[in-house]
There are 2 protein chains.
Amino acid sequence: MNIQIRHIRAFIAVADERSFARAAERLNVSQPALSQTIIQFEGTLGFPVFERTTRSVTLTQSGERLLARARTLNQDIDAFQGEARALQLALKNRLRVGYMIGTAVQFIPAIIREFERIRPGASLDLQEFDFSDPTAGLRDGKVDCGIIRPPVDLDDIEIVAIAREKCVVCLPTGHRLALQETVELDDILDEPIVAAPVPGVWRDYWLANDYRVNRPAKVVFEAATVESELQAVASGRGISITADSTAQYYARPGVVFRQIVDMRECVIAIGYRGQPNRLVADFISVVNRVSQGSHIQVGA
Amino acid sequence: MNIQIRHIRAFIAVADERSFARAAERLNVSQPALSQTIIQFEGTLGFPVFERTTRSVTLTQSGERLLARARTLNQDIDAFQGEARALQLALKNRLRVGYMIGTAVQFIPAIIREFERIRPGASLDLQEFDFSDPTAGLRDGKVDCGIIRPPVDLDDIEIVAIAREKCVVCLPTGHRLALQETVELDDILDEPIVAAPVPGVWRDYWLANDYRVNRPAKVVFEAATVESELQAVASGRGISITADSTAQYYARPGVVFRQIVDMRECVIAIGYRGQPNRLVADFISVVNRVSQGSHIQVGA
DNA sequence: AACGATTAATTGGTGTCGCTTATGAATATA
DNA sequence: TATATTCATAAGCGACACCAATTAATCGTT
C-alpha cells in the first residue's frame with residue numbers, strides 16, 4: 001500500500017481542522033471514509049500521526065514533523081495542477097493551421113493580421129505542408145484546420161471553399177507550347193508530366209486524370225515541393241499542372257506558365273474535422289472575409 | 001479522475017526511458033498497465049504529454065513543460081517518504097518508559113547509564129506518572145514499559161518483578177506511634193489515612209485493605225503526588241502507607257516513617273504489553289542487572 | 001446520576017479501478 | 001516477404017475507496 005495524494009490532502013485537512021468530521025466535509029467525503037484514509041495513511045507510515053479521543057484530535061510529534069513536508073508537497077501538487085490547467089488553456093486557445101505549400105499565399109499575411117485582431121488572446125500556429133501530404137496535416141491530426149486544394153483522400157472532414165482560381169501549365173522556357181498565350185488540355189495530355197509523390201485523388205487531380213481517356217499520364221518525376229517541381233520542369237523532364245497563384249508567387253527563370261483554358265477552376269478551401277470549435281469557426285470567417293469572392297485571374 | 005502519485009512516477013519514467021516497455025519494467029508493472037496509466041494521466045490533464053508511434057516516444061511541448069514540475073514534485077514525494085522512514089526508524093529505536101513517582105528512584109540513574117551503554121543508538125524516554133495512573137502509562141499505551149508497583153488493574157500486561165522492599169507507615173512527627181521504632185498493622189488500621197485519587201486494586205493495596213476485617217479504611221484525603229501526600233500527613237490529617245525507598249528519598253521535616261513489620265513486602269516490577277520487542281527485552285535485562293537481588297532495608 | 005449531544009471507529013455492501021495475460025496493429029529490419 | 005519490436009486494446013479479476021447505518025466513548029447539562 002503506497003502513499004497517495006489523497007492521503008496527503010486528508011492529513012493536512014485533519015491537521016488544519018483538528019476534526020475528522022469537519023475535514024471530511026472540507027474534502028467532500030464522508031467521515032468514515034476519511035477515518036479509513038487516515039488509518040491507512042498511518043498504516044503505510046508505520047506510526048500514528050494523530051492522537052484522537054472522541055473529543056479531540058491532536059498531532060503526534062511525528063505527525064508534526066511530517067506535516068511540514070506534507071505542506072510543501074501539497075504546494076507542489078497545486079503548482080503542478082496549476083501548470084497543467086494553464087497549458088490546457090493555452091492549447092485550447094491555440095489554433096494550428098496547416099496550409100499546402102503555394103496555397104493561399106496571397107491571403108496569409110492578411111489572415112494572420114485579421115485573426116490576431118479578432119482573437120488577441122489566441123495564438124496561431126501556421127505550418128506548411130508539401131505535396132507528400134495534400135491534407136496539410138489534417139490526415140494525422142497535426143492541425144485543427146488546413147488550407148488545402150480539394151479533392152483529398154479524407155471522408156471525415158468538412159470542407160469550406162474560400163476561393164477559386166484558374167489552372168495553369170508550367171512549361172520549360174523554349175517549349176513549343178510556350179509560344180502560345182494559352183493552352184488547351186488536348187495540347188498537354190500526352191506530355192511527360194511531374195506528379196506528387198504519394199498516390200491518391202489529389203495527385204490524380206493535378207495529373208488531370210479526369211480529362212484523360214486512353215491517354216494515361218506519363219509521370220517522369222515525382223516532386224514533393226514546388227522548388228523540385230519547377231526544377232524538374234526547367235530541366236526539361238516534363239511539364240506540370242498547377243494553380244495560377246503558384247504561377248505568380250513562384251515565377252522564375254527557366255519556366256513559364258500558361259493558362260489551361262478548358263480545365264475547370266481549382267478550389268482553395270479550409271478543411272477541419274468534426275464540429276468546428278470557436279477558434280476554427282472564427283478562423284473560417286476571417287479567411288472568408290479576407291478572400292471575399294476572390295477569383296484570381298492569370299496575371300500579366 | 002484525479003492526478004495521483006503513480007501518474008507522476010509513470011510520467012517521469014516514460015519520459016526518462018523514452019519507451020513504455022522499459023519504463024514499465026522500471027516501475028515493476030506490465031506495459032499495458034503503464035499505457036493505461038499514461039492515457040488516464042493525459043485524460044486528466046486534457047492534453048497529451050507524449051507523441052508515440054510504434055517506434056518512438058517523444059514528449060510533446062506541453063509534456064516538456066510539465067516534466068519540470070513533475071520532477072520537483074517527485075523530489076518532494078521522495079523527501080516526504082524519506083522523512084517518514086526516518087521517523088519510523090526513530091520511533092522504533094525509542095523506548096518510552098514510565099515510572100511511578102517514587103518507584104525505583106534509587107536505580108534510575110544507573111539504569112539510564114547502563115541502557116545507553118548497551119544500546120547507544122536508542123533513545124530512552126523516561127516519563128514520570130503520579131498516583132492517578134498506577135500503571136505508569138501502560139493503561140493508555142503512553143509507554144512501552146512501566147516501572148510499577150503491582151497490583152494494577154490491567155490483565156493484559158506481563159509483569160516482571162525486579163525488587164522487593166518493606167512497607168512503611170508515614171506519620172506526622174509527634175504522632176503517638178512515632179515513638180515506636182516499628183509498628184504493626186493492628187496499630188494503624190483504624191487511623192485516618194491518605195489514599196490515591198483513583199479507585200482500584202492499587203489504591204486498595206496501599207490502603208492495606210487485604211488486612212482489614214470489619215475495619216474499613218477511613219480515607220480523609222486523596223493525594224496524586226508524594227508531595228501532597230506528605231503534606232497531608234504532616235498537617236495531621238492522617239497517616240499513609242508507602243514503600244521504604246520513598247521514605248528514604250522523600251524524607252522531610254514534619255513526617256517520620258516507621259516500618260510495618262507484619263505487612264508483606266511490596267514489589268517493584270516492570271510491566272509491558274504483549275511480546276517484548278528487542279528494546280524492551282534489553283531494558284528488562286538492564287534493570288535486572290542493576291537491581292540484582294535488591295532487597296531494601298529500612299534505613300537508619 | 002442520567003440523559004442528550006458530539007465525535008471517531010466499525011460494519012456491511014457496492015461500484016470503480018488498477019493490474020495481469022492475451023491479442024491486435026503498426027512499423028522498422030533482415 | 002517474414003520477423004521482431006513496440007504501443008494499444010480487450011477481458012477478467014481482485015482490491016479498495018466510498019457511503020449509509022450503527023456503535024462506542026466522552027462531555028456537558030439538567
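The chains referred to below are lettered A, B, ... by the order of the sequence lines, with proteins before strands, and numbering in each begins at 1.
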Task: Short N-O contact, B:Arg26 and B:Asp16, less than 4.0 angstrom - done: yes

NA contact type, [X], heavy-atom cut-off 4.0 Å: base, sugar-phosphate, or nothing?
| X | answer |
| --- | --- |
| A:Ala21 | sugar-phosphate |
| B:Arg55 | base |
| B:Ser56 | nothing |

- [ ] Using heavy atoms to find the nearest nucleotide of DNA chain D for B:Arg18 and A:Thr53 separately, return the residue whose nucleotide is more 5′.
- [x] B:Arg18

Protein-nucleotide distance ([X], atom [atom1]; [N], atom [atom2]), rounded to Å:
| X | N | atom1 | atom2 | answer |
| --- | --- | --- | --- | --- |
| B:Glu25 | C:dT20 | CD | P | 13 Å |
| B:Ile5 | C:dG18 | CD1 | C1' | 16 Å |
| B:Glu51 | D:dC7 | CD | P | 14 Å |
| B:Ile39 | C:dG18 | CD1 | P | 13 Å |
| B:Ile38 | D:dT9 | CD1 | C1' | 16 Å |
| A:Phe41 | D:dC16 | CZ | P | 17 Å |
| A:Glu17 | C:dT7 | CD | C1' | 14 Å |
| A:Arg52 | C:dA9 | CZ | C1' | 9 Å |

Choose from [options] the nucleotide whose nearest atom is closest to any side-chain atom of [X].
| X | options | result |
| --- | --- | --- |
| B:Gln31 | C:dT7, D:dT9, D:dC7 | D:dC7 |
| B:Ala33 | C:dT20, D:dT9, D:dC18 | C:dT20 |
| B:Pro32 | D:dA21, C:dC19, D:dA10 | D:dA10 |
| B:Phe20 | C:dT10, C:dG18, D:dA8 | D:dA8 |
| A:Gln36 | C:dT21, D:dA17, C:dT10 | C:dT10 |

- [ ] Would you tell me if any nitrogen or oxygen in the side chain of A:Ser35 comes within less than 4.0 Å of OP1 or OP2 on C:dT7?
- [x] no

Open item on the list: Does D:dT6 have OP1 or OP2 under 4.0 Å away from a side-chain N or O of B:Thr54?
Closed with: no

Task: salt bridge (charged side-chain N to carboxylate O under 4.0 Å, His left out) against A:Asp153, all qualifying residues, sequence neighbours excluded - done: none

Open item on the list: Tell me if a side-chain donor or acceptor on B:Arg237 pairs with a main-chain N or O of B:Ala232 at a distance below 3.5 Å.
Closed with: no

TODO: Please report the shortest heavy-atom distance between A:Ile12 and A:Ala70, naming the atom on each side.
DONE: CD1-O, 3.5 Å

- [ ] Kindly check if the number of other-residue, nucleotide or ligand heavy atoms within 6.0 Å of CD (A:Gln127) is above 12?
- [x] yes

